[in-house]
Amino acid sequence: MSSDAYSGTDQTADEPVYVQDQSHFEEVVSENDVVLVDFFATWCGPCQMLEPVMEQLATETDATVAKVDVDENQPLAASFGVRGVPTIMVFADGEQVEQQVGALPADRLRSLVEGYTNE
């Protein structure tokens, strides 16, 4: 996947940021106020169904949406205890504040994010 959506600065990207490695992940989380992270796998059906939802949330919310391919970033996924995909996490001010496993509906994901972006 392309890293074109990554600029390395504090941003609210209008498209998901594809995380390349642990240091890139740490940079994205530390440089953005709220980050919605989708730990996914390309072979995962529910992950594929969730992809357009994540793209929509990237354009509609103030959160940065980050995508982590668990097959390409196994140590990163393991460091967060990801055992199933999709696993969704929310980071606010650099700290993990939410974690959900499974494909959640768009309104539930939006509510998760807005609980931290509308403060």
Side-chain angles (χ1 to χ4, degrees):
M1 305 237 167
S2 170
S3 62
D4 293 344
Y6 174 66
S7 70
T9 60
D10 189 19
Q11 62 182 0
T12 303
D14 286 337
E15 57 187 57
V17 175
Y18 286 88
V19 172
Q20 305 301 312
D21 55 29
Q22 176 84 34
S23 63
H24 183 206
F25 178 84
E26 291 169 0
E27 195 172 326
V28 170
V29 168
S30 68
E31 291 185 358
N32 295 280
D33 293 335
V34 178
V35 183
L36 178 65
V37 182
D38 175 17
F39 286 88
F40 75 100
T42 56
W43 47 263
C44 163
C47 299
Q48 293 168 6
M49 291 179 357
L50 196 58
E51 188 163 349
V53 172
M54 290 299 191
E55 290 172 356
Q56 180 180 6
L57 290 172
T59 61
E60 293 179 357
T61 68
D62 290 333
T64 296
V65 175
K67 307 261 302 167
V68 179
D69 185 329
V70 297
D71 292 327
E72 293 179 9
N73 294 284
Q74 290 177 2
L76 177 59
S79 73
F80 285 100
V82 174
R83 293 192 174 133
V85 287
T87 293
I88 307 301
M89 294 183 190
V90 178
F91 289 79
D93 299 320
E95 299 294 322
Q96 181 184 343
V97 293
E98 299 281 350
Q99 179 171 336
Q100 301 285 327
V101 178
L104 300 176
D107 59 341
R108 176 74 195 279
L109 290 168
R110 188 174 291 103
S111 293
L112 276 177
V113 167
E114 289 176 351
Y116 299 96
T117 57
N118 291 334
E119 294 181 349

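We number each residue from 1, following the sequence as shown. As the structure is a computational prediction, the values presented were derived from the model and not from experiment.
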I would like to know whether Val34 and Val90 meet side-chain contact (heavy atoms from CB on, under 4.5 Å); could you show each step before the answer? CA-CA 7 Å; Val34 178; Val90 178; 4.2 Å; yes
Point-to-point distance, once rounded to the nearest 0.5 Å, from [atom1] of [X] to [atom2] of [Y]:
{"X": "Thr61", "Y": "Arg110", "atom1": "OG1", "atom2": "CZ", "answer": "8.0 Å"}
{"X": "Met89", "Y": "Leu112", "atom1": "CE", "atom2": "CG", "answer": "12.5 Å"}
{"X": "Met54", "Y": "Leu109", "atom1": "CE", "atom2": "CG", "answer": "5.0 Å"}
{"X": "Cys47", "Y": "Ile88", "atom1": "SG", "atom2": "CD1", "answer": "8.0 Å"}

Any side-chain to backbone donor/acceptor pair from Ser30 onto Glu27? Under 3.5 Å, distance only.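 Yes, the answer is positive, given that a donor and an acceptor are paired below the 3.5 Å cut-off.
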Is the backbone of Tyr18 close enough, under 3.5 Å, to the side chain of Gln20 for a donor and an acceptor to pair up by distance?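 Side chain of Gln20 to backbone of Tyr18, a donor-acceptor pair under 3.5 Å: yes, one is there.
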Please check if any side-chain donor atom of Thr117 sits under 3.5 Å from a side-chain acceptor atom of Asp62, or the reverse.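 Per modelled atom types, Thr117 and Asp62 side chains form no pair under 3.5 Å.
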Are Met49 and Trp43 grouped together when hydrophobic residues (ILVMFWY) are joined by side-chain heavy atoms under 4.5 angstrom apart?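 Result: no, two separate clusters.
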Is there a chain of hydrophobic side chains (I, L, V, M, F, W, Y, each step under 4.5 Å between heavy atoms) that links Val97 to Val101?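 Each belongs to a different hydrophobic cluster.
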Tell me, please, which residues at least two apart from [X] pass side chain to side chain contact (heavy atoms under 4.5 Å, CB included).
{"X": "Glu26", "value": "Gln22"}
{"X": "Pro105", "value": "Asp107, Arg108"}
{"X": "Gln48", "value": "none"}

Is there any side chain to side chain donor-acceptor pair (under 3.5 Å) pair reaching into residues 78-96, and which pairs are they, with sequence neighbours excluded?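 Residue pairs passing side chain to side chain donor-acceptor pair (under 3.5 Å), neighbours aside: Gln96-Gln99.
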Minimum heavy-atom separation for [X] to [Y], with atom names?
{"X": "Gly94", "Y": "Val29", "value": "CA-CG1, 3.7 Å"}
{"X": "Val19", "Y": "Ala66", "value": "CG2-CB, 4.0 Å"}
{"X": "Pro86", "Y": "Ala103", "value": "CG-N, 3.6 Å"}
{"X": "Leu104", "Y": "Leu50", "value": "O-CD1, 3.6 Å"}

Residues Val37, Phe25; criterion side-chain contact (heavy atoms from CB on, under 4.5 Å); working and verdict: CA-CA 10 Å; Val37 182; Phe25 178 84; 3.8 Å; yes
Below 30° counts as parallel, above 60° as perpendicular, anything between as tilted: where do the rings of Phe39 and Phe80 land?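 Tilted.
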With Glu98 via salt bridge (charged side-chain N to carboxylate O under 4.0 Å, His left out) - residues at least two apart: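 Partners of Glu98 by the salt bridge (charged side-chain N to carboxylate O under 4.0 Å, His left out) criterion come out as none, since no residue qualifies.
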Pairs in or reaching into residues 36-50: which pass salt bridge (charged side-chain N to carboxylate O under 4.0 Å, His left out), with residues at least two apart or in two chains?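 Every pair satisfying salt bridge (charged side-chain N to carboxylate O under 4.0 Å, His left out) with a residue in residues 36-50: Asp38-Lys67.
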side-chain contact (heavy atoms from CB on, under 4.5 Å), that's the test. Do Val70 and Phe40 meet it? Break it down for me. CA-CA 6 Å; Val70 297; Phe40 75 100; over 6 Å; no
